[in-house]
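Just so we're clear, the structure is a prediction, and the values are computed from it rather than from any experiment.
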Amino acid sequence: MTQFHNIDPMALTALMAKPKLLLIDVRNEDEVARGMIANAIHIPLSMLAVEYPKLADKDEIVFYCHSGVRSAMAAEFAMQQGTAQAYNLSGGVIAWARAGYAFVNK
């Protein structure tokens, strides 16, 4: 079985240039209230299985969370559902912030 890919913030910024890329924040509502990565949509990890049918036609999805643990679970789930390319932002928003990238309000 194909595995998801772990990527760093710099690799994510390169992927974000792709028009069909879907960026999903799997954090909880209180975490998202502190800011999100631009152009991301919010689907809490607990709701991913319910919301996934709406995403099934996407070929490339990047998941992120606070530190990369929940988003790795989300990426694994997406791969099991047949997503062509699933990515996990290693280090999550912690790594994103440490790399100097900004957040936007939901």
Side-chain angles (χ1 to χ4, degrees):
M1 180 164 75
T2 306
Q3 293 290 323
F4 64 87
H5 304 280
N6 285 302
I7 58 171
D8 62 21
M10 186 178 289
L12 175 54
T13 60
L15 280 175
M16 288 169 72
K18 293 184 173 186
K20 293 189 178 186
L21 181 77
L22 182 60
L23 182 59
I24 300 178
D25 186 327
V26 297
R27 298 177 297 159
N28 297 325
E29 192 67 41
D30 61 322
E31 296 171 292
V32 169
R34 294 181 227 143
M36 298 174 65
I37 296 174
N39 301 315
I41 64 168
H42 177 227
I43 301 175
L45 181 61
S46 62
M47 294 300 297
L48 187 59
V50 173
E51 296 291 327
Y52 187 81
K54 297 175 190 173
L55 313 173
D57 65 335
K58 301 299 181 186
D59 290 333
E60 288 188 289
I61 304 174
V62 177
F63 296 94
Y64 73 89
C65 64
H66 182 72
S67 65
V69 175
R70 288 173 286 177
S71 52
M73 290 188 277
E76 180 64 32
F77 172 79
M79 293 301 295
Q80 291 172 355
Q81 301 304 308
T83 299
Q85 294 292 324
Y87 303 90
N88 171 47
L89 177 59
S90 295
V93 295
I94 295 171
W96 184 258
R98 285 185 180 152
Y101 295 110
F103 297 95
V104 296
N105 291 329
K106 180 179 177 184

* To do: Please tell me if the side chains of I37 and V104 come closer than 4.5 Å, counting only heavy atoms from C-beta onward.
  => no
* Any side-chain heavy atom of I61 sitting closer than 4.5 Å to one from Q85? -> no
* Asked: Do M79 and I7 share a hydrophobic cluster, counting only Ile, Leu, Val, Met, Phe, Trp and Tyr and linking them when any side-chain heavy atoms are less than 4.5 Å apart?
  -> no
* Assess whether side-chain contact (heavy atoms from CB on, under 4.5 Å) is satisfied between N88 and M73, documenting all intermediate values. => CA-CA 9 Å; N88 171 47; M73 290 188 277; over 6 Å; no
* Should L15 and V93 be regarded as members of a common hydrophobic cluster, given that ILVMFWY residues are connected when their side-chain heavy atoms come within less than 4.5 Å of each other, either directly or indirectly? -> yes
* Asked: In Å, rounded to the nearest 0.5 Å, how long is the span from NZ of K58 to OG1 of T83?
  -> 11.0 Å
* **Spatial distance of atom CG (L12) from atom OH (Y101) [nearest 0.5 Å]** => 8.5 Å
* Any link between L89 and V69 through a network of hydrophobic side chains (Ile, Leu, Val, Met, Phe, Trp, Tyr) touching at under 4.5 Å? -> no
* Over all heavy atoms of both residues, which pair between A49 and P53 is shortest? Give the atoms and the distance, please. => O-CD, 3.7 Å
* **Rounded distance (nearest 0.5 Å) linking atom CH2 of W96 with atom CZ of F103** => 8.0 Å
* What salt bridge (charged side-chain N to carboxylate O under 4.0 Å, His left out) pairs are there with at least one residue in residues 10-23, not counting sequence neighbours? -> K18-E60
* Asked: Is the shortest side-chain N to carboxylate O distance from R70 to E31 below 4.0 Å?
  -> yes
* Do D8 and S90 get their side chains close enough for a donor-acceptor pair, meaning under 3.5 Å? -> no
* Find the distance between CD1 (I41) and CG (L55) and round it off to the nearest 0.5 Å. => 5.5 Å
* Atom pair CG/CD1 of L48 and I24 - distance to nearest 0.5 Å -> 6.5 Å
* Quick check, are the ring centers of Y52 and F77 under 6.0 angstrom apart? -> yes
* To do: State which residues pass salt bridge (Lys or Arg N to Asp or Glu O under 4.0 Å) with K54; sequence neighbours excluded, sorted by chain then number.
  => E51
* **Interatomic distance, R34 atom CZ to R27 atom CZ [nearest 0.5 angstrom]** => 7.5 Å
* Asked: Closest approach of A86 and A75, non-hydrogen atoms and distance?
  -> CB-O, 3.7 Å
* CG of D57: more than 12 outside heavy atoms within 6.0 angstrom? -> yes
* Who pairs with A40 by side chain to side chain contact (heavy atoms under 4.5 Å, CB included), at least two apart in sequence or on another chain? -> L23, M36, Y64
* To do: State plainly whether one hydrophobic cluster holds both I94 and M10, where clusters connect Ile, Leu, Val, Met, Phe, Trp and Tyr through side-chain heavy atoms under 4.5 angstrom apart.
  => no
* Asked: Any side-chain heavy atom of D25 sitting closer than 4.5 Å to one from I43?
  -> no
